[in-house]
Amino acid sequence: MPDVNPAPEPRTFDAIIIGAGFSGLYQLLSLRDRLGMKVQVLEAGDGVGGTWYWNRYPGARCDSESHIYNYTFSKELFEGWEWSERYPEQPEIMRYMNYVADHFDLRRDIRFGTRVVGARYDDAAERWSVTTEAGETLTAQFLITAVGCLSTANVPDIPGLGDFAGQWYHSGEWPHEGVDFTGKRVGLVGTGSTGIQATPVIAEAAAHLTVFQRTANYSVPAQNAPLTPEFKQWVRQNHAEVRRATRSTTNGQAFAIEDRSVFDVTPEERLAIYEAAWAKGGLQFRATFRDLLLDKAANDTAAEFLKNKIREIVKDPATADLLADIDHPYAAKRPPIDSGYFASFNRDNVTLVDVRAAPIERITPAGIRTGAAEYPLDIIVFATGFDALTGPLLKLNIQGRGGQPLARAWEAGPRNYLGLQVAGFPNLFTITGPGSPSVLTNMPVAIEQHVDWITDCIAHMRARGLTHIETSEAAMDGWVARVNAAANATLLPQAHHSWYLGANVPGKPRVFMPYAGGMIRYRAICEEVAAKGYEGFTLRSLAPAV
Ligand code: N01
């Protein structure tokens, strides 16, 4: 006779991981296959990919070069994949993520279409209790967030958006079926990395594109191209070298920052260096001199070069002036790279609108109205960025010991230890959390380091019969001071409206969030903490029940 009460699906786990992007997939693999733990990944999307699952906007492409924008922990995995272009496009990254999930049979432990709406530390049980949007509750000893840094869309609160008669989209929540711009009048708000990638692609398709610029931005050409068969072969045969290279640089990139000052060379030599870097393209422009991000006078030379390039490319002098009217040091905001951004403004169907001089006042049924004019539009694209770093964590409604909300603990800005743990939130690990190098690096390198550290830490605990780990207020105070000192040693805080500082979200505390001391130093600190028996953490074992 069949069982009338079949065993309910197991809802208790050793670890719950939230998110199935780069971080979640590797964390699942590490805990399940390395440590033999019972793990459940909860993922809001219907597939793997994380940030790349949602960011499908036109022109979406990674700014790290493809051969280093992947995992390097497995030689076999690395050698089984081949990228097609210097910079991978979003669909190719999605194919890669699915390749990884298939290779390690990860999907069986991922629950898709499952959005986490709450996570509470149960003081009595000393376990995490996680609630999904469908009302289900799952519990686990460890809770690990793998929610990414840029996964909470920032749609500006502009009056009238609800009245717009056309369609509007945010780049980070792009419809999977795509958007047809043919014959449409499109307005694009935002000129960060996303707007700069999307502009040339939308301009090709739309009847007219109006770009609403509040803050002008630098950009260096990506010089994207298909990879040659020789380069592909070199990559396949050099897994160890790629891994070594990306682990030996400050930013997790394959290029090192040159050990020379802007002022070690003559102006002519400097110009030749900048020209060569411009021709080579990509983020390594910022690695041409060691003091670009340390000394304003040094930075000014790069800024001037890049502003001159804008004036050379853009034919209309008034438009060129507006695009080159940049108010922050080069690379103090995340430096974009592009494929034809400035040249797009030479097209007859592209217009630049200065919304710093005349801010957007409201969205009308017909389009966007600024202080100077009304622009009729069929489609509005918001490339307005994200509630970065803290947004994706706070959205989870995490409550620690005694029901303390993470939002309250972080009222004045994020406070944690190594970007990994918050006092009062035992057994919670935040992969690439604020206070870690994360967005200042090539993300897969930072992710592998965090996941390896967390996995080693849990292995250490299990080997000793320890069940709980928690950091302290004192450790957090010390770390926050180091994060601030690292940022203040650079020009990064000088971009007052950058999302690194939380300045793009009204009401968000202004705190420089990522650790700017570099990946090498950060890795060494984390290794030292572990070597000293997890200094700054208390490890203990739950008293056995009597
Ligand atoms: O967002 P942003 P993003 N009215 O915050 C403007 C990563 N990324 O999506 O500077 C008018 O940088 C805002 O103006 P201002 C990368 O780390 C990676 O472009 O606040 N304008 C700014 O121009 C990147 O840094 C890749 O004055 C408004 C823009 O919107 C991060 O994502 C590709 C406005 C937002 O720029 C975020 O980039 C793309 C308003 N009310 C992105 N509100 C790859 O590597 C905001 N803006 C693939």
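Side chains are part of it too, since the values below use all heavy atoms of this structure and drop only hydrogens, waters and symmetry mates. Atoms within a ligand are numbered from 1 in the order they appear, just like the ligands themselves.
R334 NH2, 3.9 Å is the protein heavy atom nearest to atom 26 (C) of ligand 1. Here the heavy atom of the protein found nearest to atom 41 (N) of ligand 1 is P156 CB, 3.4 Å. Scanning all protein heavy atoms for the shortest distance to atom 15 (P) of ligand 1 gives T215 OG1, 3.3 Å. Here the protein heavy atom with the shortest distance to atom 1 (O) of ligand 1 is G385 CA, 3.1 Å. Remark: minimum distance from atom 23 (O) of ligand 1 to any protein heavy atom is reached at T191 N, 3.0 Å. Atom 40 (C) of ligand 1 has its closest protein heavy atom at R214 NH1, 3.4 Å. Ranking protein heavy atoms by distance to atom 9 (O) of ligand 1, first place goes to T194 OG1, 2.6 Å. Nearest protein heavy-atom neighbour of atom 29 (C) of ligand 1: A383 O, 3.4 Å.
Below 4.0 Å from some heavy atom of R61 lie the following atoms of ligand 1, by number and element: 44 (C), 45 (O), 48 (C). Ligand 1 places these atoms under 4.0 Å from at least one heavy atom of K333: 10 (O). For ligand 1, the atoms sitting less than 4.0 Å from at least one non-hydrogen atom of D63 are 44 (C), 45 (O), 48 (C), numbered in the order shown with element in parentheses. Within the listing of ligand 1, atoms 4 (N), 11 (C), 21 (N) sit less than 4.0 angstrom from a heavy atom of V189.
Under 4.0 angstrom from ligand 1, the non-hydrogen atoms of Y57 all belong to its side chain. Residue contacts with ligand 1 for F212 are absent, since no atom lies close enough (heavy atoms, distance under 4.0 Å). Under 4.0 angstrom from ligand 1, there are no non-hydrogen atoms of S498. Only the side chain of L150 comes within 4.0 Å of ligand 1, counting heavy atoms alone; its backbone N, CA, C and O stay farther away. When heavy-atom distances to ligand 1 are checked against a 4.0 Å cut-off, Q213 has no atom that comes that close, whether in backbone or side chain. At a heavy-atom distance under 4.0 Å, only side-chain atoms of W52, from C-beta outward, approach ligand 1. Of all the heavy atoms of S193, the ones lying under 4.0 Å from any atom of ligand 1 are found in both the backbone and the side chain.
Across G192, P336, A60, heavy-atom proximity to atom 36 (O) of ligand 1 is greatest for G192.
For W52 and F22, the ring centers are positioned 6.0 Å apart or more. Y169 and W174 have their aromatic ring centers within a separation under 6.0 angstrom. Aromatic rings from H170 and Y57 are positioned such that their centres are separated by 6.0 Å or more. You'll find the ring centres of H496 and H328 outside the 6.0 Å limit. Between F382 and W168, the distance separating the two ring centers is shorter than 6.0 angstrom. Taking the ring centroids of H239 and F78, they lie under the 6.0 Å cut-off.
Inclusion of N504 in the set of residues having an N or O under 3.5 Å from an N or O of ligand 1 is not warranted. By the 3.5 Å distance cut-off applied to N or O atoms, S171 is not counted among the residues near ligand 1. Ligand 1 has a nitrogen or oxygen under 3.5 angstrom from a nitrogen or oxygen of W499.
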Would T152 and D387 satisfy side chain to side chain donor-acceptor pair (under 3.5 Å), going step by step from the backbone distance to the final call?
CA-CA 5 Å; T152 303; D387 182 356; 5.9 Å; no
Please step through side chain to side chain donor-acceptor pair (under 3.5 Å) for the pair Y522 and H450, ending with a clear verdict.
CA-CA 10 Å; Y522 179 76; H450 256 191; 2.7 Å; yes
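The minimum heavy-atom distance between S339 and N224, with the atom names listed, is OG-CB, 4.4 Å. Of all heavy-atom pairs between P509 and G413, the closest is CG-N, 3.6 Å.
Remark: R521 CZ is loosely packed, at most 12 non-hydrogen atoms of other residues, nucleotides or ligands lying under 6.0 Å away.
Side-chain contact between F289 and T301: absent, with no pair of heavy atoms (C-beta onward) separated by less than 4.5 Å.
Of the candidates W81, W83, Y99, N70 forms a side-chain hydrogen bond (donor to acceptor under 3.5 Å, both in side chains) with just one, namely W83.
Note that R56 lies in the cation-pi zone of Y53, set by a 6.0 Å cut-off to the ring centre and a 45° limit from the axis.
For Q90, the heavy-atom gap to ligand 1 stays at 4.0 angstrom or more.
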